[in-house]
Structures are given as C-alpha cells and as structure tokens.
Amino acid sequence: MNNSTSIGQWLSHCNLPRIDAAVLVTHVTGISSVAQFTHPEKTLLDEQLSELDSLKQRRLAGEPLAYIIGEQEFFSLPFRVNPHVLIPRPDTECLVEWLIDHIPTGCSLVDLGTGSGCIAISVASKRSDLSVFASDIDPEAIKIAQLNADLLKVKVSFSVGSWLQAFPKDKTFDVVVSNPPYIRPDDEHLPNLRFEPIGALSDGIDGLECYRQILKQVSSLPHRPDILAFEHGWDQAQDVQILLEEYGFEHSTTHKDYGGNNRFTSWTSDL
Ligand code: GLN
C-alpha cells in the first residue's frame, strides 16, 4: 500500500476479521468504528499506516487483541493488561456479580492471585462499603492491578506474595475469593493460550494444587472467613467441593457461567 491508503482500503486488504481490524484502526487513529464505516475515504498518515501494518502482523501471529492494544473490557470497565496478567474472561463476571449481591455490608474481602485486579476492582467499584484487599505473587501483576485501580478510581489494597502470605499473619478476612491457575498441564486448550502467563493458567500439576494451597492457608487464619468463592474449570466443581469438605467447609454450592458451564463454587457460613 502507498502513502495515500484510506481507512477503507486498509480495512478491506488487511486479512483480519472485521472487528479486530476496526479495533486496531481505532487504537491507532482514535477514529471510532462507526466513523470508519461512514468515512472510509479518510486517509491514513504514513506513521499510522506503518503502525497498523505492524500491529496486524502481531494479530496474524496469534497474539490476543487485548495484549496488542493493552486493554480488555471486563464488567463494563476498561482494564489495562500486559503479558504479566491473564486477560480477564467474561465467564468471571458471574463470580463478580454473585459477590456483589451476596457479601454483607462492611465486610473485608481478599482476592488471591488478582492478576489485572479485575475481580477485586470490579467488586470494589460497586461496593464501596467493603474493605478490599488483593495479592499476587508477581510484582509486575500487582503494578498493573494498582494502575487499574488508580485509573478506575477504586480503592483496593494490593500486596505482593503467595496467596495469604502477602499479608501480616494476624490479618483476617470475611471473604476469600480466587480465580487461581486451574488448567491441567495436559489440557488441549493450553497451547492456544501461549501468549498468556503460563503460571496464571496452570499449576503444572493436576489443576487443583492452588485450591489446596489456598485452603491450607485459609485454615490457619486466626478466624475462619464467612464466605469462600473459587472460580474453576467446567469439570472441576466436584473436585473443588470435595477439597472444601476436606478442609471443613461443607455444603458448598456450584454456580454456572453464562455459557451454562459450572464456573465457580462458593461456601457460606450460617451468617
Ligand atoms: N478460564 C480461563 C481459561 O480457560 C483460565 C483461568 C484460570 O486458569 N484461572 O482460559
């Protein structure tokens, strides 16, 4: 393509799905997808054209759009993302909605393995009465989570560390929530997720190791939490319920995501 490539020409020759192409054009030019459609004759500047061409190559190589533009919407909020954090999934929104609806007023909540901060920040954005904490073992993840909280003007206290070990030993929480790495290392979908941090996707063991670690730590808290909620894979509900029972959290409930798959399991004390 030469210097006078128009938006319409680029869109029709880029070999990308229409939606991806429009997102890249908006990212580079600031022109909305509606305006791209109504004014396809608008000319791209040289530097816009070369940036678009290089972003297109990344997309064609399989890199997720969220990493290319550095942002993913979750719970109708824009979250900054980078390859240190998992890209927030819409499936996780049902866990967030359940937490917002079920946590009693004034509770403290901790989100373990927060990544981009999407769970903690989304809950805190709707429940300013809660004290929200979050940890991640990766300091780079905590940096981006803190940036998200700042940009979205939401208060969450972040700490670096392995699950609850990120906090002082005597600190207690009313609600413990986590979306830990739960994909089994032999899962056929794992290679498709090669751009995301493997340590945020899989425990490298059996997909249940993180729940064991978290439950062990939860059991040694000075006070038992009143609510636990763990996201898991569609086929892990029974395993997670059994693990919860082993640690004395009986009668847990599994909830489905919007796709109809078992997605998270909660345990609630008799409040
Ligand atoms: N739900 C994500 C996926 O299947 C994985 C999230 C996780 O491991 N916590 O892609």
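Along the sequence shown, residues carry numbers from 1. Only a predicted model underlies this, so the values are computations on that prediction, with no experimental measurement involved.
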Do [X] and [Y] touch side chain to side chain, with heavy atoms closer than 4.5 Å?
X	Y	value
D226	C107	no
Y247	V218	no
W10	D53	yes
Y182	C210	no
C118	F75	no
W98	T253	no
I7	H39	no
L24	L65	yes

[Y] versus [X], side-chain donor and acceptor atoms under 3.5 Å:
X	Y	value
T254	T265	yes
N82	H84	no
D150	Q146	yes

Rounded to the nearest 0.5 Å, what separates atom [atom1] in [X] from atom [atom2] in [Y]?
X	Y	atom1	atom2	result
L208	D206	CG	CG	4.5 Å
R184	Q236	CZ	CD	5.5 Å
I103	L109	CD1	CG	4.5 Å
Q213	Q217	CD	CD	7.5 Å
L44	L49	CG	CG	6.0 Å
L152	I121	CG	CD1	6.0 Å

Under the side chain to side chain contact (heavy atoms under 4.5 Å, CB included) criterion, do W163 and S178 qualify, and how do the steps go? CA-CA 9 Å; W163 316 124; S178 183; 4.2 Å; yes
Can you list every pair that meets side chain to side chain donor-acceptor pair (under 3.5 Å) and has a residue in residues 114-129, with sequence neighbours left out?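 The answer is D111-T114, R127-D129.
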Examine [X] and [Y] and state if one hydrophobic cluster contains both, with Ile, Leu, Val, Met, Phe, Trp and Tyr joined whenever side-chain heavy atoms are less than 4.5 Å apart.
X	Y	value
V96	L151	no
V34	I69	no
I242	L215	no
V85	V156	no
I137	F133	no

With sequence neighbours excluded, residues passing salt bridge (Lys or Arg N to Asp or Glu O under 4.0 Å) with D20: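 So D20 forms a salt bridge (Lys or Arg N to Asp or Glu O under 4.0 Å) with R59.
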Under the salt bridge (Lys or Arg N to Asp or Glu O under 4.0 Å) test, which residues partner E93, sequence neighbours left out?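 In terms of salt bridge (Lys or Arg N to Asp or Glu O under 4.0 Å), with neighbours along the sequence ignored, E93 is linked to no residue.
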Going by an N to O cut-off under 4.0 Å, is there a salt bridge joining R212 and D203?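 Answer for the salt bridge query: no.
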What pairs with F195 under side chain to side chain contact (heavy atoms under 4.5 Å, CB included), at least two apart in sequence or on another chain?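 Partners of F195 by the side chain to side chain contact (heavy atoms under 4.5 Å, CB included) criterion, ordered by chain and then number, come out as E63, P64, Y67.
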Check whether more than 12 heavy atoms from other residues, nucleotides or ligands sit under 6.0 Å from atom NZ of K42, and answer yes or no.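 No, not enclosed.
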Do R18's NZ or CZ and the ring of F37 fall within the cation-pi criteria of under 6.0 Å and 45°?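 That pair does not qualify as a cation-pi contact.
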Can you list the steps and then say if V132 with V154 is a side chain to side chain contact (heavy atoms under 4.5 Å, CB included)? CA-CA 10 Å; V132 180; V154 169; over 6 Å; no
Relative to each other, are the rings of F173 and F167 parallel, tilted or perpendicular (30° and 60° limits)?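 Answer is perpendicular, since the angle exceeds 60°.
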So which atom in [X] and which in [Y] form the shortest heavy-atom distance, rounded to 0.1 Å?
X	Y	result
G248	R224	O-NH2, 2.8 Å
P222	K169	CD-O, 3.9 Å
E41	S6	O-CB, 3.7 Å
V160	I142	CG2-CG1, 3.8 Å
A21	C14	CB-SG, 3.6 Å
A120	A134	CB-CB, 4.0 Å

V110 pairs by side-chain contact (heavy atoms from CB on, under 4.5 Å) with which of L164, V177, T172?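 For V110, the side-chain contact (heavy atoms from CB on, under 4.5 Å) test succeeds with only one of L164, V177, T172, which is L164.
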Residue pairs, two or more places apart or on separate chains, that pass salt bridge (charged side-chain N to carboxylate O under 4.0 Å, His left out) and touch residues 75-84: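 Not a single pair qualifies under salt bridge (charged side-chain N to carboxylate O under 4.0 Å, His left out).
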Scan residues 239-261 for pairs that pass salt bridge (charged side-chain N to carboxylate O under 4.0 Å, His left out), counting only residues two or more places apart or in two chains.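 Checked against salt bridge (charged side-chain N to carboxylate O under 4.0 Å, His left out) - neighbours excluded - the pairs reaching residues 239-261 are D257-R263.
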When you measure from the side chain of E51 to the backbone of V28, do you find a donor-acceptor pair of N or O atoms at a distance under 3.5 Å?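 Between the backbone of V28 and the side chain of E51 there is no qualifying donor-acceptor contact (under 3.5 Å).
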Please report the C-alpha distance between L190 and S202 in whole Å, then the side-chain angles of each, then the deciding distance to 0.1 Å, and finally whether the side chain to side chain contact (heavy atoms under 4.5 Å, CB included) criterion is met. CA-CA 8 Å; L190 211 46; S202 179; 4.1 Å; yes
Side chain to side chain contact (heavy atoms under 4.5 Å, CB included), that's the test. Do T268 and H102 meet it? Break it down for me. CA-CA 10 Å; T268 315; H102 287 82; over 6 Å; no
